[in-house]
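Quick note: residue numbers are just sequence positions, from 1.
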Amino acid sequence: MRHSTPAAALLCLLLGTVDAGAEEYQVITEEWAPYNYQENNQLTGMTTEIVRAIMALTGNDFEVLLQPSMRATQVLKTRPKTIMYSLFRTPEREPLYKWVGPIVEESIHPYQLASTPPVNSLEQLLRAPQITTRHAGLVPQMLQSLGFNNLDKSATESKLLYRMLLAGRTNIIIGDTDAGVAYYSRQLNIAPGTLRRIPIELYRSSLYIAFSPDSDDEVVAAWASALEQLRRSGELERIQRRYEGAVGQ
């Protein structure tokens, strides 16, 4: 690959000091469309493409593994020289890792069927008979911290949220960003206008790449420089645009 920019020269300079231990790094992620997910036995997604573009610039060839959600965060906490994407940079997580980003800013809203009586306030959400979310992870933890005592945490994967909603087994789901809802609507052939975004933003944050605290500062700096190069060149926006979509609101 040819590099002609000063940023690329800086990357080469930075990486020249860390080649010896580079093979020890491992990159992990979880199933969370449209950012990282498996399709036709291949790991893909918006952030997956960005991470691969970063490694193309830095010259890294780190192994990338898809792990179950709870397993992925546990590996990041316990395995040396581990890199995980896509992660919300929360106050609780801030001191635990070294961070590269932001990659993209996202928000999480509740969704319901457009054919059901509209929910428009936090009070209505808190009093709803049942809200279905995933069984583990940041979203159910966030909802519990906000005082939700009406959570059904039976969904082991995102697709189940939409299937339960369509089947009438729940009235409200919370689990994905708007981009994620658009992705699953396409995957499950949910007609436009079927889902309604409840106008309550429950969470907003940016997605980052997290490095275990023992990671070499030179590697972290090289990835940060490569991400900024992708941003300036417009490639970051081009990748993001490929995964954008809209659903009924």
Say whether [X] and [Y] are linked into one hydrophobic cluster, either directly or through other cluster members, by side-chain heavy-atom distances under 4.5 angstrom.
X    : Y    : answer
M46  : L57  : yes
V64  : V75  : no
L188 : W32  : yes
V51  : I239 : yes
I50  : V220 : yes

What about the rings of F211 and Y25, do their centers lie closer together than 6.0 Å?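 Judged by ring-centre distance (under 6.0 Å), F211 and Y25 do not meet the cut-off.
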Does atom [atom1] of [X] have more than 12 heavy-atom neighbours, drawn from other residues, nucleotides or ligands, at distances under 6.0 Å?
X    : atom1 : result
R71  : CZ    : no
D214 : CG    : yes
N120 : CG    : yes

Atom pair [atom1] ([X]) and [atom2] ([Y]), whose distance is rounded to the nearest 0.5 Å:
X    : Y    : atom1 : atom2 : result
I54  : E235 : CD1   : CD    : 11.5 Å
Q26  : K81  : CD    : NZ    : 13.0 Å
Q74  : I28  : CD    : CD1   : 10.0 Å
R242 : E49  : CZ    : CD    : 4.5 Å
L43  : E31  : CG    : CD    : 8.5 Å
L202 : I108 : CG    : CD1   : 8.0 Å

Side-chain donor-acceptor contact under 3.5 Å, [X] with [Y]:
X    : Y    : result
S86  : N36  : yes
D178 : Y111 : yes
T48  : Y85  : yes

Audit row: L87, L207, side-chain contact (heavy atoms from CB on, under 4.5 Å) steps and yes/no: CA-CA 5 Å; L87 224 58; L207 295 178; over 6 Å; no
Any side-chain heavy-atom pair from [X] and [Y] closer than 4.5 angstrom?
X    : Y    : result
S206 : I103 : no
S154 : M164 : yes
T133 : L143 : yes
I198 : Q124 : no
Q144 : K153 : yes
L166 : L113 : yes

So, the side chain of [X] versus the backbone of [Y]: is there a donor-acceptor pair under 3.5 Å, distance only?
X    : Y    : answer
R169 : L161 : no
S225 : A221 : no
S212 : L76  : no
Q112 : V119 : yes
T194 : I190 : no
R134 : G175 : yes
E228 : A224 : no

Search all heavy atoms of [X] against all heavy atoms of [Y] and return the closest pair with its distance.
X    : Y    : answer
A114 : G193 : CB-O, 3.2 Å
S233 : R238 : O-NH2, 3.4 Å
K98  : S215 : NZ-O, 2.6 Å
L146 : L126 : O-CD2, 4.2 Å
E39  : T44  : CB-CG2, 4.1 Å
M70  : A136 : SD-CB, 3.7 Å

Stepwise, does the side-chain contact (heavy atoms from CB on, under 4.5 Å) test hold for S185 with L195? CA-CA 9 Å; S185 294; L195 304 182; 3.6 Å; yes
Check the pair I173 / I131 against side-chain contact (heavy atoms from CB on, under 4.5 Å), numbers first and verdict last. CA-CA 6 Å; I173 61 172; I131 293 174; over 6 Å; no
Angle class for the Y97/W99 ring planes (parallel below 30°, perpendicular above 60°, tilted otherwise)?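 Plane angle over 60°, so perpendicular.
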Checking side chain to side chain donor-acceptor pair (under 3.5 Å) against R204, which of H109, E106, E105 comes through?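 Running side chain to side chain donor-acceptor pair (under 3.5 Å) over H109, E106, E105 with R204 returns exactly one hit, E105.
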Using 4.0 Å as the upper bound for N to carboxylate O, is an ion pair formed by E237 and R231?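 Judged by the 4.0 Å cut-off on N to carboxylate O distance, R231 and E237 do not form a salt bridge.
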Which one of Y37, Y35, Y243 satisfies the ring-ring contact (aromatic ring centres under 6.0 Å, His included) criterion with Y183?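 For Y183, the ring-ring contact (aromatic ring centres under 6.0 Å, His included) test succeeds with only one of Y37, Y35, Y243, which is Y37.
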Under the side-chain hydrogen bond (donor to acceptor under 3.5 Å, both in side chains) test, which residues partner Y208, sequence neighbours left out?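 By the side-chain hydrogen bond (donor to acceptor under 3.5 Å, both in side chains) rule, Y208 matches no residue at all.
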Would Q130 and T132 count as a side-chain hydrogen bond (donor to acceptor under 3.5 Å, both in side chains) here? Give the steps. CA-CA 6 Å; Q130 175 182 297; T132 301; 3.3 Å; yes
Could you note down all residue pairs passing ring pair (Phe, Tyr, Trp, His ring centres under 6.0 Å) where residues 156-181 supplies at least one of them, sequence neighbours left out?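 As it turns out, the ring pair (Phe, Tyr, Trp, His ring centres under 6.0 Å) pairs with a partner in residues 156-181, which skip direct neighbours, are Y162-Y184.
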Report the C-alpha distance between M84 and I209 in whole Å, list the side-chain angles of each, state the deciding distance to 0.1 Å, and finish with yes or no for side-chain contact (heavy atoms from CB on, under 4.5 Å). CA-CA 6 Å; M84 182 175 175; I209 302 167; over 6 Å; no
Step by step, work out the side-chain hydrogen bond (donor to acceptor under 3.5 Å, both in side chains) result for T170 and D152. CA-CA 9 Å; T170 189; D152 163 34; 5.3 Å; no
Would you please test S158 and D176 for side-chain hydrogen bond (donor to acceptor under 3.5 Å, both in side chains) and show each step? CA-CA 8 Å; S158 288; D176 293 303; 3.3 Å; yes
